[in-house]
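Heads up, the thing below is written out as structure tokens.
Residues: numbered from 1 along the sequence shown.
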Amino acid sequence: MTASIRTRLGWAELPEHVRAAVQEILGDRVVEAVSQPGGYSPGSADRVRTATGRRAFVKAVNPARNPDSPRLHRAEAQVATALPASAPTPRLLGCHDDGDWVALVFTDVDGRHPATPWRADELTAVLAALEAMAVALTPAPVPQVPTAAERLAHDFAGWHRIAADPPASLDPWARAHLDELRAAADRGLAALSGDTLCHLDVRSDNLLVDAAGAVTVVDWPWACRGPAWLDTALLLVNVRLHGGHDTEALLRRLPLTADVDPDVLTGTYAGLAGFFTDGARRPAPANIPTVRAFQQAQGDALLPWLAARLS
């Protein structure tokens, strides 16, 4: 399943003053803009080219599109400013924030999202990039971001909310093991300590692979301080969703996860499954109509894995 947004704005639909501010950051007039697919932001996401051939990536949003999105853009700007050049991330060229519209301008990455189901070569490249990224981002270069436990506390309480009000469509195995799932998620949350800057939303549509196979990790609004293994463990949720690889075997052999307490990893996946399962039954956020189906698919992918790990 590919993440997608069908209500995204195009460059030409942005207010003139926002386009003018972006062009001032670029120092040139934008003559071409190509909207990019993927992701869940209801704002714009365009690869642009200027009159002199300069290229950049621009994304912009305001509260009328979604009340939470400007806050996420502001958070990403704060993180992107502090990311070191050694991290496999795009460079922030500038930010426009007029209190309503927030626009971020990044260096352009001439790449594409990894293919799904995941190709073995691209998965190997991404896993290597995440390992290098963990080294580059330890200690965390943005100490003011929340810890992983703070960021995920509400999400990992999903099974508690489900137990208090179980939906009729709840998976029968999950219904029979709610106490175990709640306890596992609580253990997982308690173990998410560390001083690595974690992306926290690593999946195929937040990754770009260029023609040489180099990997860039994009979209950093959820960044937090946590364990070095967390982003790799999160990527395997996306691998599990799309199929074709033994995620259990990967956990056991990958350098960042091989020595992690199996109960901690199980707890992390239990917390994520609770978040996805609980979130999927909620009304869709404004102008993001596809996110609930994506959450349901991720929860459905995790439950059989959890059943095997907890047994």
Side-chain angles (χ1 to χ4, degrees), residues 2-51 54-83 89-109 113 142 144-146 151 154-155 199-201 203 205-206 208 216-224 279 282-295:
T2 301
S4 62
I5 183 74
R6 296 188 179 91
T7 57
R8 174 162 286 162
L9 290 175
W11 166 260
E13 297 173 278
L14 298 178
E16 183 188 359
H17 77 277
V18 175
R19 285 181 280 131
V22 168
Q23 290 173 129
E24 184 174 352
I25 291 170
L26 293 172
D28 198 4
R29 178 172 55 91
V30 170
V31 296
E32 181 183 57
V34 180
S35 183
Q36 300 302 292
Y40 288 102
S41 171
S44 68
D46 293 278
R47 293 180 67 188
V48 303
R49 179 176 59 84
T50 70
R54 186 178 189 185
R55 294 185 178 274
F57 174 75
V58 180
K59 60 182 181 180
V61 75
N62 77 336
R65 301 294 299 167
N66 181 279
D68 295 324
S69 294
R71 173 180 57 83
L72 296 178
H73 275 34
R74 292 183 180 109
E76 183 174 9
Q78 181 184 50
V79 171
T81 299
L83 291 173
T89 61
R91 184 166 62 92
L92 182 68
L93 301 176
C95 174
H96 165 77
D97 188 347
D98 58 27
D100 182 28
W101 284 91
V102 183
L104 306 183
V105 185
F106 290 94
T107 52
D108 182 46
V109 178
H113 299 309
V142 196
Q144 66 269 32
V145 298
R151 183 74 87 186
H154 178 269
D155 297 347
H199 181 280
L200 206 62
D201 199 20
R203 58 181 195 243
D205 58 301
N206 283 335
L208 294 171
T216 302
V217 185
V218 302
D219 291 342
W220 285 79
W222 301 107
C224 62
R282 308 293 176 183
N287 289 308
I288 313 178
T290 60
V291 68
R292 298 310 188 201
F294 188 54
Q295 288 176 327

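By the neighbour-count criterion of 12 heavy atoms within 6.0 Å, atom CZ of R74 is densely surrounded, having more than that number from other residues, nucleotides or ligands.
Taking every heavy atom of both residues into account, P90 and V109 meet most closely at CB-CG2, 4.2 Å.
Between D68 and P285 the shortest side-chain heavy-atom distance does not fall below 4.5 Å. Looking at L9 and P42, their side chains never come closer than 4.5 Å, going by heavy atoms from C-beta outward. For the pair Q144 and Q78, the minimum side-chain heavy-atom distance is below 4.5 Å. In this structure, R54 and L93 have side chains that are in contact, with non-hydrogen atoms separated by less than 4.5 Å. Counting only heavy atoms from C-beta outward, the side chains of W11 and V22 approach each other to under 4.5 Å.
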**Request:** Please assess L26 against V48 for the test side chain to side chain contact (heavy atoms under 4.5 Å, CB included), listing each intermediate value before the final yes or no.
**Result:** CA-CA 10 Å; L26 293 172; V48 303; 4.1 Å; yes

**Prompt:** Where do R55 and E32 land on the side chain to side chain contact (heavy atoms under 4.5 Å, CB included) test, with the steps shown first?
**Reply:** CA-CA 9 Å; R55 294 185 178 274; E32 181 183 57; 4.2 Å; yes

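Atom CD of E76 and atom CG of L92 lie 8.0 Å apart (nearest 0.5 Å). Distance check: D46 CG to Q36 CD gives 7.5 Å after rounding to the nearest 0.5 Å. Here N206 contributes atom CG and D219 contributes atom CG; the two are 4.5 Å apart, rounded to the nearest 0.5 Å. Considering CH2 of W222 and CG of D155, their distance stands at 8.0 Å, rounded to 0.5 Å. Atoms CG and CZ, from L208 and F57 in turn, are 8.5 Å apart once rounded to the nearest 0.5 Å. Between T290 atom OG1 and Q295 atom CD the span is 10.0 Å, to the nearest 0.5 Å.
The aromatic rings of H96 and H17 sit perpendicular to each other, their planes meeting at more than 60°, with 30° as the lower class boundary.
The main-chain N or O of R29 is never found under 3.5 Å from a side-chain atom of Q23 such that the two would form a donor-acceptor pair. Within the 3.5 Å criterion, the main-chain N or O of L14 finds a donor-acceptor partner in the side chain of R19.
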